[in-house]
Protein chains: 2
Amino acid sequence: MARNLREHILQTASELFYRQGIKATGVDTIVKATGIAKMSLYKYFPSKDDLVLAHLQRSREIMRAHILSGIEARTSDPKQKLLAVFDVFEEFLETPSFRGCPFINASAEFAEEASPIQQAAAEFSESFRKMLAGLAQEAGIAETNAEELSKQLSMLISGAMVREQMQRNSKAMLTAYAAAEVLIEKSLADAPIDPATA
Amino acid sequence: MARNLREHILQTASELFYRQGIKATGVDTIVKATGIAKMSLYKYFPSKDDLVLAHLQRSREIMRAHILSGIEARTSDPKQKLLAVFDVFEEFLETPSFRGCPFINASAEFAEEASPIQQAAAEFSESFRKMLAGLAQEAGIAETNAEELSKQLSMLISGAMVREQMQRNSKAMLTAYAAAEVLIEKSLADAPIDPATA
DNA sequence: TTGAAACTATACAGACCTGTATATATTATG
DNA sequence: CATAATATATACAGGTCTGTATAGTTTCAA
């Protein structure tokens, strides 16, 4: 049961944290939803903060895998991969359970700058941007431009998630997609690298 | 004293809500910070929710005025006004007390979709976007394109605020500015309206 | 100066929160 | 079967939260 129980708790808590917010979800609510005993929860997660951090780690891993496999499933063309990221996110935004970005929300809920939760959110955000920068370079954009472009694309995605959270069914990610196309074209025109000579 | 006291409470609460988060700021904390009696607070604001809503209204009005006067102070050229919005926000992001967008944060803290707080955040977001759409039309962009552009620019600004909140001193708004320039140019090239004939 | 309105001070009710203590039941393993 | 680990059930300690009750003080105006 060991690993199963831990996983069951984490899965349930993760879903509640995302749906209702972290501070709005009490430990007792999680206990009731899992059907386990409170003591068991505290055995696997010594404090609520530990559970929250595990939830962010888990979300990070799920999103990472989901994005990567989503890209692979859509295209193998380096340039198209950048746009495929937006397709993956569009799908995410259209799920009925969408409630914004778990990391943006966590960052808003935990204001203290040094907080481990704040830090975990920042780490995901940066690692995601780096993935975009990698894709941009593979698409033939020089490093400096790829860095700048990756920041712009990640901001578009964050902005679209925030917009969709507030204005439901606004198709925000489609609008972001169109902007991304323009920005990517511009980056390619600005400083292309001939893949043959790179 | 009447209006003064109400204003004093609201000002203090607003600052604490923004700095620490809304749920993390208790009524007693506000009472202590203002130096007033708790009964006085509950006289002017029958519940904490009322105070939170007043805080959002207040923030909305302050931001609106700040943006408009910031634009006026910078340029009178319609096209430059769109970019001036990014300058105003850049200044905001560079203040040491910057802690993200009050409306994005409130939206993240209060998950329930129908919540008045969620609604207030959505209303600000939409009114801000409409302002951008107005500026875009004044700059000679046709309505349909102006609508689309305004969504893209507002997402860039939201995204930059989120990024700066997580990665402090990342100059996110400068990166957003560069993206905005490209998107605005594209919109102008796509479907310009001759101001003389419009 | 007298009386009403506004403000303060303090205490507290009742709910909720995290985390723990304790005693019991279930499961796995020798 | 016996023993140890694992999970459960229940209660509760100690804290914080929103909101109210009550009594006293200041302010201001007639």
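Because the structure is a prediction, the values reported are computed rather than measured.
Rounded to whole angstrom, the span from the CG atom of A:L5 across to the P atom of C:dT26 amounts to 17 Å. Computed from coordinates, the B:Q20 CD to D:dT16 C1' distance equals 14 Å when rounded to whole Å. We find that CZ of B:R6 is positioned 13 Å from P of C:dC7, with the value rounded to whole Å. Protein atom CZ of B:F45 is 16 Å distant from nucleotide atom C1' of D:dT18, rounded to whole Å. Here C:dG19 presents its C1' atom at 12 Å from CG of A:D50, a figure rounded to the nearest Å. The nearest whole Å value for the distance from the NZ atom in A:K23 to the C1' atom in D:dT16 is 13 Å.
The 12-atom threshold is not exceeded at CD of B:Q11, counting heavy atoms of other residues, nucleotides or ligands nearer than 6.0 Å.
When all heavy atoms are compared, the tightest approach of B:A136 to B:L82 is CA-CD1, 3.9 Å. When every heavy atom of A:A180 is checked against every heavy atom of A:F86, the shortest pair comes out as CB-CZ, 3.5 Å.
Here the side chain of A:K43 is nearest to one of C:dA6, D:dT6, D:dT8, namely D:dT6. Closest to the side chain of A:M39, from the set D:dA9, C:dC7, D:dT20, is D:dA9. For A:K48, the side-chain atoms get nearest to C:dG19 when compared with the rest of C:dG19, C:dC7, D:dG19. Nearest nucleotide to the side chain of B:Y42, out of D:dT22, D:dT18, C:dA21: D:dT18. Minimum atom distance to the side chain of A:I36 is reached by D:dT8, of the listed D:dT8, C:dG19, D:dT18. Distance from the side chain of A:S40 is smallest for D:dT8 among the nucleotides C:dT18, C:dC7, D:dT8.
At a threshold of 4.0 Å, the pair A:E185-B:K186 does not count as salt-bridged, since none of the basic side-chain nitrogens sits closer than that to a carboxylate oxygen. Using a cut-off of 4.0 Å between Lys/Arg side-chain N and Asp/Glu carboxylate O, B:E15 and B:R99 are scored as not salt-bridged. We find that A:E61 and A:R64 are joined by a salt bridge, their nearest charged nitrogen and carboxylate oxygen being less than 4.0 Å apart.
The shortest distance between the side-chain N/O atoms of B:Y44 and the OP1/OP2 oxygens of C:dA6 is not below 4.0 Å.
DNA chain D lies under 4.0 Å from at least one heavy atom of each of the following residues of residues 27-35 of chain B: B:V27, B:D28.
B:Y177 does not carry B:K171 over the face of its six-membered ring by the limits of under 6.0 Å from the centre and within 45° of the normal.
A residue-by-residue look at B:S47 and A:A37 shows that A:A37 has its nearest nucleotide of DNA chain D further toward the 5' end.
Residue-level contact check: B:K38 touches the bases, meaning some heavy atom is under 4.0 Å from a base atom.
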